[in-house]
Amino acid sequence: MTTLEEKAYAKLNLTMDVGPLREDGYHDVSTVMIPITLCDEVTIHLGTGEPWQVRTTDETIPTGRKNLAYKAAQAFYRAAGGDPEGLTVEIEKRIPAGGGLGGGSADAAAVLRALNRHHGFPLSQERLEQAGLEVGSDVPFCVRNEPALAEGRGERLLPVHPMPPCYYVLVKPPFSASTPELYRKLDNMRLPARPKTQEMLHALELGNLREIGCQLLNVFEYALLSDHQELFQIENALENCGALGTSMTGSGSVMFGVFENFDFAATASMSLMQVGYPTFLATNFTKEV
């Protein structure tokens, strides 16, 4: 039996804009995404001689064929050929589920990267990302693990300048959002504002953390705020502790603040934990060269 290990990194959406419903049932999105250091630990056992299975430390997450990590292994062997003669994926979850942090997509991407490396890189980076798209819209970004502007369904990735050094405080409210329901709400809403994507890209190019904080905007937040006023309270708490900007990631429900100062970030994290919110402290993930 062979054992592979890979980290699965969460993502944050610095901006998130959603276009009208397409004929194929998807929406066009435009989003600036970055990988962060919060991660799951993925272990893959090959040659188990047993039926494929997925096990996680979070009982709320589906296992077996419904898990994106299982689908990623299927997509890899469809594209690359071969038979692992039994496969088990074990996921130690640290990324909170249902938060918009892309945990399932990150786990799937980790499986794709690990299998591709183990088998001698039979798939090019482009082909590996295409295999990821078969699994989910965010998987190609998670396979690449680099800051990007994602468009279309999320499959068109344009590299962007990385975030300057900073700290993120992530806060998970006690509810998760239904992505399809939020899309339906957006289809029937007149949005008060949309992200200024080019301004965000320019701020990243300059490495201006304060301007980046000013440009944070996720239209999904508008669809959630009417039913969940506590999101305002979380944002206010983060800003009162020194956040340069706050927003929601993905389709929620995790809120995050961007901090230049570690002590301010740690204070914000402790303050929100003390009132009962699960919080996570992270920095920018950078791939080793």
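Note: hydrogens, waters and symmetry copies are ignored here, and every other heavy atom, side chains too, is used.
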message: Please report whether the ring centroid of Phe259 lies less than 6.0 Å from that of Phe264.
response: no
- prompt: Is the distance between the ring centroids of Tyr77 and His119 less than 6.0 Å?
  reply: yes
Contact between [X] and [Y] at the side-chain level, heavy atoms closer than 4.5 Å - yes or no?
X: Val258; Y: Leu216; result: yes
X: Pro147; Y: Pro159; result: no
X: Met163; Y: Leu209; result: yes
X: Leu204; Y: Pro162; result: no
X: Val219; Y: Leu186; result: yes
X: Leu217; Y: Thr15; result: no
X: Leu46; Y: Met1; result: no
X: Gln215; Y: Val32; result: no

Could [X] and [Y] be called an ion pair, given the rule that one side-chain N must be under 4.0 Å from one carboxylate O?
X: Glu92; Y: Arg94; answer: yes
X: Lys93; Y: Asp107; answer: yes
X: Lys7; Y: Asp40; answer: no

Testing the 3.5 Å rule here: is there a donor-acceptor pair between the side chains of [X] and [Y]?
X: Gln233; Y: Gln229; result: no
X: Glu90; Y: Thr43; result: no
X: Asn284; Y: Tyr168; result: yes
X: Ser269; Y: Thr279; result: yes
X: Tyr277; Y: Glu230; result: yes
X: Asn13; Y: Thr249; result: yes
X: Gln130; Y: Glu134; result: no

More than 12 heavy atoms of other residues, nucleotides or ligands under 6.0 Å from [atom1] of [X]: is that the case?
X: Arg210; atom1: CZ; answer: no
X: Lys185; atom1: NZ; answer: yes
X: His202; atom1: NE2; answer: no
X: Arg65; atom1: CZ; answer: no
X: Met270; atom1: CE; answer: no

Enter the distance from [X]:[atom1] to [Y]:[atom2] here, rounded to the nearest 0.5 Å.
X: Thr63; Y: Ile91; atom1: OG1; atom2: CD1; result: 9.5 Å
X: Leu244; Y: Leu238; atom1: CG; atom2: CG; result: 11.5 Å
X: Arg127; Y: Leu112; atom1: CZ; atom2: CG; result: 10.0 Å

task: For a side-chain contact (heavy atoms from CB on, under 4.5 Å) with Met255, tell me which candidate from Asn218, Leu231, Leu170 qualifies.
output: Leu231
message: For His228 and Phe175, take the angle between the two ring planes, folded into 0 to 90°, and tell me which bin it lands in: parallel under 30, tilted 30 to 60, perpendicular over 60.
response: parallel
- prompt: In terms of the angle between their ring planes, are His27 and Tyr183 parallel, tilted or perpendicular, with boundaries placed at 30° and 60°?
  reply: parallel
field: Asp58 vs Thr56, side-chain hydrogen bond (donor to acceptor under 3.5 Å, both in side chains): CA-CA, chis, key distance, verdict
entry: CA-CA 5 Å; Asp58 185 338; Thr56 83; 5.7 Å; no
- prompt: salt bridge (Lys or Arg N to Asp or Glu O under 4.0 Å) with Arg144: which of Glu155, Glu126, Glu129?
  reply: Glu129
- prompt: Under 3.5 Å, is there a donor-acceptor pair between the side chain of Asp17 and the main chain of Arg194?
  reply: no
